[in-house]
Structures are given as C-alpha cells and as structure tokens.
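Naming convention: chains lettered A, B, ... in sequence-line order (proteins, then strands); numbering from 1 in each chain.
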Amino acid sequence: MQFQSLPGFREFYPDACARRNHIFGQWKQVARAFNFQEYDAPVLEPLELYIEKSGEEIVGQLFNFEDRGGRTVALRPEMTPSLARLIGAKANSLKRPIKWFNIGEHYRYEKPQKGRLRAFYQFNVDIFGESGPAADAELIALLVQALRTFGLDSKDFKVRLSDRDLWLLMLAAEGLDEAGSATVLGIIDKLERTERPKAIEQLYKVLGDGAEGFLGRVEQAIAIRDFDTLSEFILSLPLEGDLATQAKQRLKDWHALLGGIKSAGAADFIQIDLGIVRGLAYYTGFVFEAFEASGEGRALAGGGRYDALVNKLGGPEMPAVGFAMGDVTLVDLLESKKLLSTYVESPDFIAIIGGAEARDAAMSDAALLRSMGYRVDYPLKDQGFGKQFKDANQKGARFALIYGSEEIEKGVVKVRDFASGVEQEFLRNQLVELTPELVSNGLQECRP
RNA sequence: GUGGCUAUAGCUCAGUUGGUUAGAGCAUCGGCUUGUGGUGCCGAGGGUCGCGGGUUCGAAUCCCGUUAGCCACCCCA
C-alpha cells in the first residue's frame, strides 16, 4: 500500500523546511522590531467558536468532527476567534495597547489550487485597546515592513486601503438603512469580479430604478486614488446634522492615518482603493489588503478594524485592529521575484579521519566542539581522504579537521580553512582556547 | 460543486505510422591504492510506462473507464 500526503497538505523536506523557517524568522524579527509579543493558542477548538463568529455556512469549509467525548470540534481556520477569547478573558488586566503576534498553521477544507492549500501558515498581528487611527497606522506600517524585509518593494506590492465607515456614510447619504447597506456592501465587495449588468441587476433588488445611477456613483468613489479627491467627494455628499459631523471626523481620521503611514516611510506602498470592502461583516472601520502590484496572484495579506468582535464573543468592549499574512502566496511571489535562495545551514567543521585511532580522536574533539555550540560533522564510515574532502566540500563545511596518523602521533589536529586553502596545526588540548579565534577570523595566508 | 490539461526512474524529460530486453541528463550509491576541493573518469542500483479493462500476433503508444495531480471557475475568515 502506497501512502500519499492528504491533498492540500505539504511535506517539508529539509530545504523547504529551512526556507519556511527563514520566512518565520523574518516575520518574527519584524514583529519584535515593532515590539509585538508572541502568543499561541490551540489548533483544535470548539466548532461553535467559529459558527458564533462567522455563521453556519462556515462549517462547509472547516475540518470538523466529533471527538471521543462527543464534542464537536474543528481545526482552526483562522486565529482571530481564539485570540479574541484570550483577550476577552483577561481584558481588564492586560496593559494597553495590547500588541500581539502569532505564527501558526491553519486549516480549511477547500479545493487546493494555486496560492491556496488546506494547511497553511499565517502570520497574525493584532492591536487591542486603541481605537484611534494611530493603531491602524502602526499595523499597516508593520505589514509593509513584513513584506519589504524579503526584498519586495513598492513595484512588487501595494496595500489597498479602504474604509467601511466611509461606505456606511455614503450609503446613508443614498438613503439606505443598515440592512440595505450590508447587502450593498456585499455587492460592492465583489464588484471587481462581477459583470456590470449583473451588478445592476443585484443592486436593483435593493435600490430599484436608482440602481444604475447608484452604481455610477459607486464606481466614481472606487476610482478615487488620493486623499484630496476623497475629501472633496465625501464633503459633497448630501449629509446633514450628525452624519455630516461624522463625515468630517472620519476625514480627520483618514488624515491622521495617512500621515502616520507616511511618517513610517510606508506611503509609497499605499493605494487608496474603496473597492476593498472585505466581505466579512465584523469589520468596522479601516480595511486593507496587500496585493501583488502586477495584479496577478492572490492577496498577500488582509486585515482591518474589528471593534465589536471581542464583545460579540463574550468579552468586554475592546477596540481591535489586525491582519493576517499567509505563507503560500508569499512564497509564490518571492519565488517569482527570485528573492529566495537556499537556507540549509552548513557545518563549521567536518573531520577527515585516517583510521581507527584517528576516529577516536576525532569523535572526542567533535564532542568537545559540539558542547561549545559549534556545528560539527564527521563521516560515519571509513573512506579515502579524497572522498572525504570532496564530501566535506559538498556539505559546505567551513573547516576540515584532519586526523591522520602523523597528527595523532604529535597530539595535534591539522585545520584546513576551505575558503583560503590555508592549513595550520593545532594542539588538540588547546582547542577550547583556540577555536573561537579560529572561527571568527579563519586562517589567513601568512605574509612575512 | 463545474470545467480544462496532465500522468514514463527520486527530479526534468525522450520514446518514430503500434514492433526485440523502455532510454538520457541530473540526483543517489560504489570504485578510480588511507594525505587533500564542488565541476574528472569508470561502474551500479532504480520503472507492473498512474490503475483497470478493451482492440491487436504484438500496446508506453490506439479506444473506454477510473484514480490522482495541476490549472481555472465558485468560494475565500
């Protein structure tokens, strides 16, 4: 019987695993640089947690089952509900702002295809306890940095920035109530992939004869790419009283957000684009998605504000903003831009062993160097010198430790620096003292 | 859930109108005297040609079915 891995699940051979760890390392480093703290949460959760957040239809896309105790459970498809629970449970004792991140595997039962698997890693970054746009700016700056750290620049990706609050104001100006707004936002979210007549048909159900004119105004809004035009557009909306005040305040928030992003050096990566709505109902303010600039490929990351979710999942009122970045589309992009190399680590030392007696000496020295934290290897079976040197080279060793009968007799080991070709004998009983200097400087050609 | 494409060695692929025992490169392993460098030379292992049926004297090749993978649509927290 031949076994294969399950569809959409990956196996990581050492080179792939090293590459994955490199990506995690970069993510982690950026999160640390922004002073976010790492947390973790269970991979398996009660199914109800996800239904509560996203509704029954979610179940079709979950790895869910009944455990032996009769509990209905699911592998986590995302981190946010677990995180919201963690936050909610200790909300009153956590110092704010709460800046947390996680890197973990997530699972969705979907048909695997390009950029999308059933098991994937996500970099989740969130800020809780700060409702002002400074938090959104901080998070977007981190998102941009988390992509730039791989060598991607503003020609490679953009962060499209939108705002559900502005949309709600625009829709209020159109006379839509809350329910109507929700429906229309869903349509706007998909506008990019919908043919125009079809969109009008969908809008007609909510707006009647005004659908086509409405769509025109929506398209006008979506085309806006700079703040001044956006500002003008919003101020020209037929809003009165409280709504007009809200609109002005919201523009101030936009101004602050864009200012913050600019100060963080991320302005080149931002593209105002109200076409981004993000289908999820729980988003409440600014929303954003990082996209490959070419327009090809899937979203690299997505996020936004979700001020109501912690409360909805049983916690106190807690403003929140966060994003998630997946590893699958990121690796696709980095590969296409040739920004990934090989990350397998090479040994510091490989012993070249002349015979049985030499083997004892080599193993004893290897044990010593290993205990000092150096990466040391030696051949597990006796082989000719030529072959051993060849192998040492292929493994990328920095130094050869040569143990032949002459060296053993003298109580030394001959060290060869593969980079310079220089060899020097070291007294074996002085390895502890001499090795740090050797590793930091290597062996150089001696000049008189 | 719908559609398209593909399937030959670990990987990338050849394989003629159907014709002996299915090949190459890379990779792996061994050898080229137990004292010196990645690309050199010699050699070896490794394939039920995805699987099942059919046509034929004869099938990797033609036909039918099936499975898996990839890609696109749907969806995408």
Side-chain angles (χ1 to χ4, degrees), chain A residues 1-11 13 15 45 49-55 57-62 74-84 106-118 120 122 124 186 189-190 192-195 277-283 287 289 296-299 301-304 306 309 313 322-326 328-329 332 346 350-359 379 381-408 413-423:
Chain A
M1 187 64 197
Q2 281 272 357
F3 288 104
Q4 275 187 303
S5 63
L6 289 167
F9 284 75
R10 288 171 290 178
E11 294 170 310
Y13 285 83
D15 55 341
E45 291 275 18
L49 179 63
Y50 302 111
I51 294 177
E52 180 65 23
K53 183 197 158 206
S54 306
E57 25 343 324
I58 203 83
V59 177
Q61 295 171 69
L62 293 178
L75 287 169
R76 65 183 178 204
E78 59 169 327
M79 188 53 100
T80 307
S82 306
L83 173 59
H106 295 75
Y107 310 86
R108 295 178 189 175
Y109 199 90
E110 296 181 294
K111 194 156 188 167
Q113 53 190 283
K114 190 169 181 58
R116 197 157 144 198
L117 301 171
R118 287 183 174 179
F120 52 92
Q122 271 192 351
N124 273 267
D189 183 41
K190 293 183 173 57
E192 212 170 316
R193 320 183 281 271
T194 313
E195 294 184 11
V277 177
R278 300 192 58 82
L280 294 182
Y282 66 76
Y283 282 112
V287 290
E289 289 187 359
E296 299 299 312
R298 295 171 179 278
Y306 51 101
L309 188 66
L313 292 178
F323 75 82
M325 180 184 306
V328 182
T329 48
D332 283 352
S346 301
I350 287 190
I352 308 290
I353 296 174
E357 203 186 340
R359 178 168 293 273
K381 62 182 174 186
D382 294 335
Q383 288 174 313
F385 270 62
K387 186 161 186 61
Q388 292 191 55
F389 273 98
K390 193 180 271 194
D391 285 351
N393 245 295
Q394 283 180 340
K395 285 179 180 161
R398 186 159 172 225
F399 299 102
L401 298 174
I402 304 165
Y403 296 89
S405 48
E406 296 163 30
E407 287 81 6
I408 299 301
V413 55
K414 190 184 277 177
V415 178
R416 181 181 181 86
D417 184 330
F418 277 115
S420 63
V422 175
E423 293 184 355

Nearest whole Å is fine: how far is [N] [atom2] from [X] [atom1]?
X	N	atom1	atom2	answer
A/Lys395	B/U36	NZ	C1'	16 Å
A/Asp391	B/C32	CG	C1'	15 Å
A/Phe399	B/G37	CZ	C1'	15 Å

Using the [atom1] atom as the point on both nucleotides, what is the distance between [M] and [N], in whole Å?
N	M	atom1	answer
B/G15	B/C62	P	12 Å
B/U28	B/C70	C1'	28 Å
B/U61	B/C49	P	10 Å
B/C11	B/U16	C1'	26 Å

For A/His106 against A/Asn124, the heavy-atom pair lying closest together: CE1-ND2, 3.9 Å

Minimum-distance pair of heavy atoms, taken over all atoms of A/Phe120 and A/Arg10: CA-NH2, 3.6 Å

Aromatic stack A/Phe389/B/G37: centroid gap under 5.5 Å, interplanar angle under 30°: no

So, does the side chain of [X] form a donor-acceptor pair with the base of [N] at under 3.5 Å?
X	N	answer
A/Lys387	B/U34	no
A/Gln113	B/G69	no
A/Arg116	B/C76	yes
A/Glu423	B/U36	yes

Verdict with supporting geometry, A/Tyr50 and A/Arg76, side chain to side chain contact (heavy atoms under 4.5 Å, CB included): CA-CA 8 Å; A/Tyr50 302 111; A/Arg76 65 183 178 204; 3.1 Å; yes

Cation-pi, A/Tyr109 ring and A/Arg118 (6.0 angstrom, 45 degrees): yes

Sugar-phosphate, base or nothing in reach of A/Gln388, heavy atoms under 4.0 Å: nothing

Residue mapping more 5' on RNA chain B - nearest nucleotide basis, A/Lys381 or A/Asn393: A/Lys381

Residue closer to the 5' end of RNA chain B, A/Gln394 versus A/Tyr403 (nearest nucleotide): A/Tyr403

